[in-house]
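To keep things clear, I will list the structure first and then write my remarks on it.
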Amino acid sequence: MATGFKIAEPLEYHRSFLKENCRPDGRELSEFRTTTLNVGSISTADGSALVKIGNTTIICGIKAELANPTAEAPGKGYIVPNVDLPPLCSSRFRPGPPGEQAQAASQFIADVIESSEVIKAEDLCVDRGKLCWVLYCDIMCLDYDGNILDACIIALLAALKNTQLPEVTVNKETCSPEVNLEKRQRLHIHKHPASASFCVFDDSILIVDPTAEEESLSTAHLTVVTDEGGRLCSVHKPGGTSLSGEKLQECINRATARQREIHKLIDKVLDSVKTMK
């Protein structure tokens with residue numbers, strides 16, 4: 001009977017749980033799914049991480065390349081994130097060029113990199129006006145079950161913390177770069193942003209870490225990004241019903257608590273990798 005009700009009236013099915021302050025998967029409204037993290041899983045990348053939030057699975061690989069700085073920013077390198085939602089992760093995505101959701105996710109990640117100052121672009125400069133690092137951050141979804149933005153940010157941050165760049169010197173006589181692959185240095189991570197994503201049901205009920213089904217039935221989506229200093233880096237709300245100041249504050253408080261959990265998780269995983277080496 002329950003299965004028939006769920007298929008025929010998915011929204012009513014969810015409402016019957018929300019009335020009892022819980023969700024179909026047994027979670028409380030403010031509870032995240034189990035989050036797991038692995039780092040260094042792609043041996044060909046300069047840094048990588050694999051994140052699972054419930055069934056949602058995201059992998060991030062970082063490739064560093066040497067390039068010329070732009071004329072506008074001669075003392076800076078740059079970071080180029082790209083989020084890929086291929087057909088293999090869900091039947092909702094089609095082959096071909098990136099769809100609207102993938103483009104919006106890539107833009108969101110680029111904005112967070114800039115607003116949070118996770119890495120200072122100046123740190124990626126090798127020789128002012130002549131040589132800099134470009135970090136290509138490829139973020140791919142392997143299994144889509146809602147809330148990809150939170151998973152993308154964890155994967156990106158963990159992959160950046162796992163990245164080691166080779167030492168580069170510029171030969172004074174030939175002016176060409178010389179790369180020493182034996183000597184590598186970790187990136188300097190300035191901030192540790194993390195996000196919490198919410199869905200709004202019936203214009204008033206807030207749930208955190210929505211599944212794909214919950215996303216499709218909700219009246220609004222919201223993602224809040226904070227760093228370890230409790231600073232608000234970004235609030236991303238693409239349309240939908242409006243939220244009261246009180247509800248927004250609730251979201252910010254939950255995001256701050258989530259940031260601490262994620263920071264701890266990343267450090268724990270990176271420490272265990274170091275002790276294994």
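Nothing here was measured: the structure is a model prediction, and the numbers come from that model.
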Pair Q185-Q164, side-chain contact (heavy atoms from CB on, under 4.5 Å): steps then yes or no: CA-CA 5 Å; Q185 237 182 347; Q164 294 189 18; over 6 Å; no
CA sep, side-chain torsions, deciding dist, call: I59, I42, side-chain contact (heavy atoms from CB on, under 4.5 Å): CA-CA 9 Å; I59 193 159; I42 309 175; 3.9 Å; yes
Test side chain to side chain donor-acceptor pair (under 3.5 Å) applied to Q101 and Y144, step by step: CA-CA 12 Å; Q101 193 176 351; Y144 183 96; 2.9 Å; yes
Evaluation steps, side-chain contact (heavy atoms from CB on, under 4.5 Å), between L206 and L29: CA-CA 7 Å; L206 269 179; L29 305 191; over 6 Å; no
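Here the side chain of Q259 pairs no donor or acceptor atom with the backbone of T226 at under 3.5 angstrom. Looking at R27, its side chain never comes within 3.5 Å of a backbone N or O of F32 through a donor-acceptor pair. The backbone N or O of E167 lies less than 3.5 Å from no partner atom in the side chain of T169, so there is not a single donor-acceptor pair. D145 places a side-chain N or O within 3.5 Å of a backbone atom of A212 that can act as its donor or acceptor partner. In terms of modelled atom types and a separation under 3.5 Å, the side chain of T163 and the main chain of A159 share a donor-acceptor contact.
Residues I139 and L265 fall within the same hydrophobic cluster, defined by Ile, Leu, Val, Met, Phe, Trp and Tyr side chains chained together at heavy-atom separations under 4.5 Å. If you chain together hydrophobic residues whose side chains sit under 4.5 Å apart, I148 and F93 fall into the same group. When the side chains of ILVMFWY residues are joined at heavy-atom separations under 4.5 Å, either directly or via intervening members, I252 and L243 end up in a single hydrophobic cluster. Note on L222 and L232: same hydrophobic cluster, where clusters join Ile, Leu, Val, Met, Phe, Trp and Tyr whose side-chain heavy atoms are under 4.5 Å apart, directly or indirectly. V225 and V208 fall into different hydrophobic clusters, defined by Ile, Leu, Val, Met, Phe, Trp and Tyr side-chain heavy atoms under 4.5 Å apart, directly or through other members.
The structure places CG of D202 at 10.0 Å from OG of S218, a figure rounded to the nearest 0.5 Å. For the atom pair R184 CZ and L187 CG, the distance stands at 11.0 Å (nearest 0.5 Å). Note that CZ of R260 and NE2 of H263 are 12.0 Å apart. Values are rounded to the nearest 0.5 Å. Remark: E215 CD to I207 CD1 distance equals 9.0 Å, nearest 0.5 Å. To the nearest 0.5 Å, atom NZ of residue K268 and atom CG of residue L270 are 12.5 Å apart. Note that CD1 of I79 is 8.0 Å distant from CD1 of I62, once rounded to the nearest 0.5 Å.
Within a 6.0 Å sphere centred on CD of E31, other residues, nucleotides and ligands contribute more than 12 heavy atoms. Residue E178 places its CD atom among more than 12 non-hydrogen atoms of other residues, nucleotides or ligands, all under 6.0 Å distant. Within 6.0 Å of the NZ atom in K76, the count of heavy atoms belonging to other residues, nucleotides or ligands does not exceed 12. Residue-environment remark: CD (E228) exceeds the threshold of 12 foreign heavy atoms within 6.0 Å.
By the 4.0 Å N-to-carboxylate-O rule, K63 lies too far from D138 to be salt-bridged with it. By the 4.0 Å N-to-carboxylate-O rule, R258 lies too far from D209 to be salt-bridged with it. Between D267 and K161 there is a salt bridge, since a side-chain N of the basic residue sits under 4.0 Å from a carboxylate O of the acidic one. Comment: K264 does not engage E261 in a salt bridge, judged by the lack of any side-chain N to carboxylate O separation of less than 4.0 angstrom. Ion pairing between E214 and R23 holds under the 4.0 Å rule for side-chain N and carboxylate O.
Each side-chain hydrogen bond (donor to acceptor under 3.5 Å, both in side chains) pair with one or both residues in residues 41-56, not counting sequence neighbours, would appear here, but there are none.
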Kindly list each side-chain donor-acceptor pair under 3.5 angstrom involving residues 149-156, sequence neighbours excluded, with atom names and distances?
residue	atom	partner	partner atom	Å
D150	OD1	S195	OG	2.6
D150	OD1	S197	N	3.4
D150	OD1	S197	OG	2.8
D150	OD2	N147	ND2	3.1
D150	OD2	S197	N	3.0

Sequence neighbours left out, cut at 3.5 Å: what donor-acceptor pairs do the side chains of residues 117-137 make with other protein atoms?
residue	atom	partner	partner atom	Å
D123	OD2	H190	NE2	2.9

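In this structure, F108 and H236 have tilted ring planes: the angle between them lies in the 30° to 60° band.
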